[in-house]
Amino acid sequence: MAQQTDRTGDDIVFEARDLRISAVREDGSELPIVKGVNFKVRRGEVVALIGESGSGKTTISLSALGYCKPGLQFTGGEAILLGENLTTKTTDELRPSRGINVAYLAQSAAATFNPSIRINEQVTESPVLHGTKTQAEANEKALALYHALELPNPETIGDRYPHQVSGGQLQRLMAAMALCGDPDLLVLDEPTTALDVTTQIEVLKAFKKVIKEEGAAAIYVTHDLSVVAQIADHIVVLYSGEVEEAGPTDIIINRPQHPYTKRLMAAIKPLPEAGQGEVSSDEHLRDDAALAAVGIDAGYGGIGPNGEAAIPVLRDINVAIERGKTVGIIGESGCGKSTLARVFAGLLPQTDGKILLHGDALPPAVADRSRDQLQKVQFVYQMADTALNPRQRIRDIIGRPLEFYMGLRGKAKRERIEALLEMVELPVQFADRYPHELSGGQKQRINLARALAAEPEIVLCDEVTSALDTIVGANVIDLLTRLRRETGVSFVFISHDLSTVSSFADEIVVLYAGRVAEQGSTDSVLSPPYHPYTKLLISSVPETRIGWLEEATQTREARSGISGTVQLTAKGCPFFERCPLAIPGTCEEIDPPRRRDDAGHIIECHRELSELG
C-alpha cells in the first residue's frame, strides 16, 4: 500500500491514527465500521477520501469534528485536530473546536440554510457566536469571500434569502459560511455531487482558489474521481472502513496499485460521445408511444386570466417515450427537467397541451387519475432523504405499493420485498432497517425498489444516479437496462450527467430555460452539428486528468457560458446572453426556428446547421 510522505509534524492540521468506529447492536455487541484508518492532512493541502457508497468516507470525515452518527461510537485510535484527540472529548468540550478550528460543508446546501433567515446573517453567525469576530468584522470577511467566490452582486447577495439564489450560488455561499470563521480545517462532504456540469466547474474553481488563498486544509469526501483529479493533493482510497491505498493524486490517478483502486478507475464513466450505449430492442414497440407530451406548457404560481401560469417554465414541449425505450432529459439546474417529470406524473398540471398514456389523454392532476393509471407511471425522486419516510422500516416503505397496487399480504409480500432488495443489490436483512441506518447510495436504491414494486410501464427517474458512486451508479444503469430489455418498461431519465445519459438513453432531449434546444437520437445529439448549449454541456464534463479544470475554463464555450445563469424569457432565444454564436438584434428578439435534418435530429437555432460545429 502506498503511503503519504512524512514531513515535519508542525504543519499537520488533522490526523486519523488507527481510528476505529463501531455500530452498537441491540444486544450491546459491536459491529466494526471503521477499522484502523490512518492518514494526515497538512496545512494548505486537500486530502480526498474516495470509495463506494458505504465505504466509511463520511463517517471518517466527521471524526474531524469529534462526531459520530447516531448508533455509532469511537472504539479505538485517535482523531487528532491541531494536536488534540477529539475522540475523548464531551460535546461541550468540542463546541469551541467545531465553531473555530473546523467547518463542515454538507452535500445539500439547500438543506443547510434556514429558508427564513437572510443569507448574510447565516454566513456570519458562527464567528460572531463564538466571539472570534465582531459583527462588523464578520460582515467584512463575508463580503471578501463573496468576491473571492465570484458570486454575482457580492455587495447585496447577502441580503437575499436562500431561495432567491441558484443551487450553484448557494453551494458557494455555504463555502463562505464555512470559511467566515477562518477555520484551520474544512470538511467538504460531496459538495458538488448534485450540481450540473457547468455549475460544478464554477464551484470547483471557486473552492480551489479560496482554499489556496485562505491557507486552509481540507478533507474532500467524494466518489467522483474526475473531481478529485482537479482539486485534491492526496487521495485515500477506502473500502469497507479500511484504507486500501493512499498517496499523491498523480500516482493514484495515473499509476494505481491496489486492485480496488484499479476497479474504481475502470468504473469511471467515459466522456459522452456517439456509439457508447447499448442499442435497445424494438420488440416492445407498439403503434402508440408508452408516454408522450404534446404541446406542453406548464409553470408555477397559479393560473392567470389568460390561462397561463404566473411563472411560466415549460413552453411547447413535445416528447414521445416509446415502449421499451429510454428518453434522456438533460440540462442545467433551472432548465425545467424536474418540472417536466412532475407534469408527466400529474404532480403539476399543465396549462396547455396533453399527456398521453398509450395514446389516451391522462387527467392533468394526479388526484384525478385512476389507480391503474397511477400504477403505470411511477416516479423515482432525486432526494432519497426526503422521499423516504424516516419513521418507517424499509419493509414498510417497499411494501406499501405491493399492498396498494398488487394486493399482496403476508408471505407473498415478504418474498416480493426480498426479491426487490436483491434486484437492487441490497441484503435482504435491510428490510428491518430505518432509512437513517443506510448510506446515501443505499437509500437511493430503496427509492428505486419502491417504484419497481408497482411493476410500472413507465418509470420517471429524476437524477437517480447523481448521488451514487461510479460503481453503484453503473450497477443501477445495468439494472435499468436489464429491466428495459426483459419487461419492456420505458424510462424518462432526467440527469445533468451526460456520460450516464449517453450510455443508457435511446433519445436525448436537451432542455434550456423550459424549451427544447435540441432533440434526437443519442448518437445524433452527441455528434455535430450541436446546438451551442449542447456543446457547452459536452465541453463541461470533467475529465479524470490533472489540470483539466484550468484548461476547460479557457475554452470559448466556457468563457461565454459557464458563468451565466438560466434565464426564462418570453421572446427570443433564452440562451442569447451566454451563446458564443449569438446574433445581436435577432436572437434576443425572435424565437429560433426549428431546424430538422433527414434523420429527425432537431435543433432550435437561428444559425444554419452548417454553421454549428
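Both backbone and side-chain heavy atoms feed into the values below; hydrogens, waters and symmetry mates do not. Throughout, numbering of the chain's residues begins at 1 and tracks the sequence. Please read these numbers as outputs of a predicted model, since none were measured by experiment.
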Can you tell me how far the CG atom of Leu526 sits from the CD1 atom of Ile538, to the nearest 0.5 Å?
5.0 Å

Heavy atoms of Leu452 and Arg416 approach each other most closely as O-NH2, 4.4 Å

Hey, what do you get for NE2 (His223) to CG (Leu264), rounding to the nearest 0.5 Å?
11.0 Å

Which residues satisfy the side-chain hydrogen bond (donor to acceptor under 3.5 Å, both in side chains) test with Arg369, sequence neighbours excluded?
none

Note, Asp497 side chain near Glu463 side chain (heavy atom, < 4.5 Å):
no

In this structure, are over 12 heavy atoms from other groups packed under 6.0 Å from Arg596 atom CZ?
no

Would Glu608 and Arg595 pass as an ion pair if we require N to O under 4.0 Å?
yes

Heavy-atom donor-acceptor pair, Ser539 side chain to Leu536 backbone, under 3.5 Å
yes

Does the side chain of Asn447 come within less than 4.5 Å of Val464's, by heavy atoms?
no

Say whether, by atom type as modelled, one donor and one acceptor occur between the side chain of Arg393 and the main chain of Asp432 under 3.5 angstrom.
yes

Smallest heavy-atom separation, Gly336 atom then Leu314 atom, equals O-CD2, 3.6 Å

Suppose we screen for side chain to side chain contact (heavy atoms under 4.5 Å, CB included). Which residues come up paired with Asp189, at least two apart in sequence or across chains?
Thr58, Tyr104, Val221

Apply the test side chain to side chain contact (heavy atoms under 4.5 Å, CB included) to residues Leu581 and Leu612: give CA-CA distance (whole Å), side-chain angles for both, the deciding distance (0.1 Å), then the verdict.
CA-CA 9 Å; Leu581 301 178; Leu612 301 174; 3.8 Å; yes

Side-chain contact test, heavy atoms from C-beta onward, threshold under 4.5 Å: evaluate it for Val327 versus Asp506 and give yes or no.
no

Are any of the side-chain heavy atoms of Leu362 and Asp368 separated by less than 4.5 Å?
no

Side chain to side chain donor-acceptor pair (under 3.5 Å) partner of Tyr533, chosen from Glu518, Arg578, Glu332:
Glu332

Could you walk me through whether Ile398 and Leu421 pass the side chain to side chain contact (heavy atoms under 4.5 Å, CB included) check?
CA-CA 9 Å; Ile398 299 177; Leu421 286 171; 3.8 Å; yes

Spell out, as yes or no, whether a donor-acceptor pair under 3.5 Å connects the side chain of Thr522 to the backbone of Ala505.
yes

Indicate yes or no for a side-chain donor-acceptor contact from Asp462 to the backbone of Tyr381 under 3.5 Å, with no hydrogens or angles considered.
no

According to side-chain hydrogen bond (donor to acceptor under 3.5 Å, both in side chains), who are the partners of Gln375, at least two apart in sequence or on a separate chain?
none

Quick one: does any side-chain atom of Lys57 pair with a main-chain N or O of Gly51 as donor and acceptor, under 3.5 Å?
yes

Which value, rounded to the nearest 0.5 Å, describes the distance between Ile397 atom CD1 and Lys443 atom NZ?
10.5 Å

Do any N or O atoms from the side chain of Arg445 and from the backbone of Leu426 form a donor-acceptor pair under 3.5 angstrom?
no

I'd like to check the side chain to side chain contact (heavy atoms under 4.5 Å, CB included) partners of Ile590; sequence neighbours left out, ordered by chain and number.
Thr586, His606

If the threshold is 4.0 Å, N to carboxylate O, is there a salt bridge linking Arg263 and Glu52?
yes

Applying the side-chain contact (heavy atoms from CB on, under 4.5 Å) test to Arg594, which of Ile603, Asp316, Val516 qualifies?
Asp316

Which heavy-atom pair separates Gln444 from Val380 by the least distance, and what is that distance?
OE1-CG1, 4.4 Å

Within the side chain of Thr351, is there an N or O that forms a donor-acceptor pair under 3.5 Å with the backbone of Asp297?
yes

Any non-hydrogen side-chain atom of Ile458 less than 4.5 Å from a side-chain atom of Leu357?
yes

Pairwise distance CD1(Ile330) to OG(Ser502) - rounded to 0.5 angstrom
9.0 Å

State which residues pass side chain to side chain contact (heavy atoms under 4.5 Å, CB included) with Val366; sequence neighbours excluded, sorted by chain then number.
Leu347, Leu374

Using the rule given for side chain to side chain contact (heavy atoms under 4.5 Å, CB included), can you reason through Phe493 versus Ile477, listing the C-alpha separation, both sets of side-chain angles and the distance that settles it, and then say yes or no?
CA-CA 10 Å; Phe493 197 85; Ile477 295 300; 3.7 Å; yes

The test is side chain to side chain contact (heavy atoms under 4.5 Å, CB included); show your working for Val492 and Val319 and say whether it passes.
CA-CA 10 Å; Val492 176; Val319 179; over 6 Å; no

Without swapping roles, check the side chain of Gln230 against the backbone of Leu549 for a donor-acceptor pair under 3.5 Å.
yes

Would you mind checking if Asp396 and Arg400 are paired as a salt bridge, meaning a charged N to carboxylate O distance below 4.0 Å?
no

Between Arg433 and Glu437, is there a side-chain N and carboxylate O pair less than 4.0 Å apart?
no

Any side-chain heavy-atom pair from Phe504 and Ser495 closer than 4.5 angstrom?
no

Is a side-chain donor or acceptor of Arg515 paired with a backbone partner of Pro574 at a separation under 3.5 angstrom?
no

Salt bridge check, Glu507 against Lys325: does any charged N sit closer than 4.0 Å to a carboxylate O?
no

Nearest heavy-atom approach of Phe576 to Cys587 is CD1-CB, 3.5 Å

How long is the gap from CD1 on Ile355 to CD1 on Ile296, to the nearest 0.5 Å?
4.0 Å

Can you tell me how far apart CZ (Arg450) and CZ (Phe379) are? Round to the nearest 0.5 Å.
11.5 Å

Could you tell me whether the side chain of Asp591 and the main chain of Gly572 form a donor-acceptor pair under 3.5 Å?
yes

All side chain to side chain contact (heavy atoms under 4.5 Å, CB included) counterparts of Val313, not counting sequence neighbours:
Tyr300, Thr339, Leu568

Please tell me if the side chains of Glu611 and Cys605 come closer than 4.5 Å, counting only heavy atoms from C-beta onward.
no

Decide yes or no on side chain to side chain donor-acceptor pair (under 3.5 Å) for Glu604 and His531, but give the supporting numbers first.
CA-CA 7 Å; Glu604 296 197 3; His531 188 284; over 6 Å; no

Using every non-hydrogen atom in the two residues, find where Ala453 and Pro401 come nearest and quote the distance to one decimal.
CB-CG, 3.7 Å

Is Arg484 close enough and on-axis enough to Phe491, meaning under 6.0 Å and within 45°, for cation-pi?
no

Does some side-chain heavy atom of Val509 sit less than 4.5 Å from a side-chain heavy atom of Leu340?
no

Give the minimum heavy-atom separation between Val501 and Gly328, together with the two atoms involved.
CG1-CA, 4.0 Å

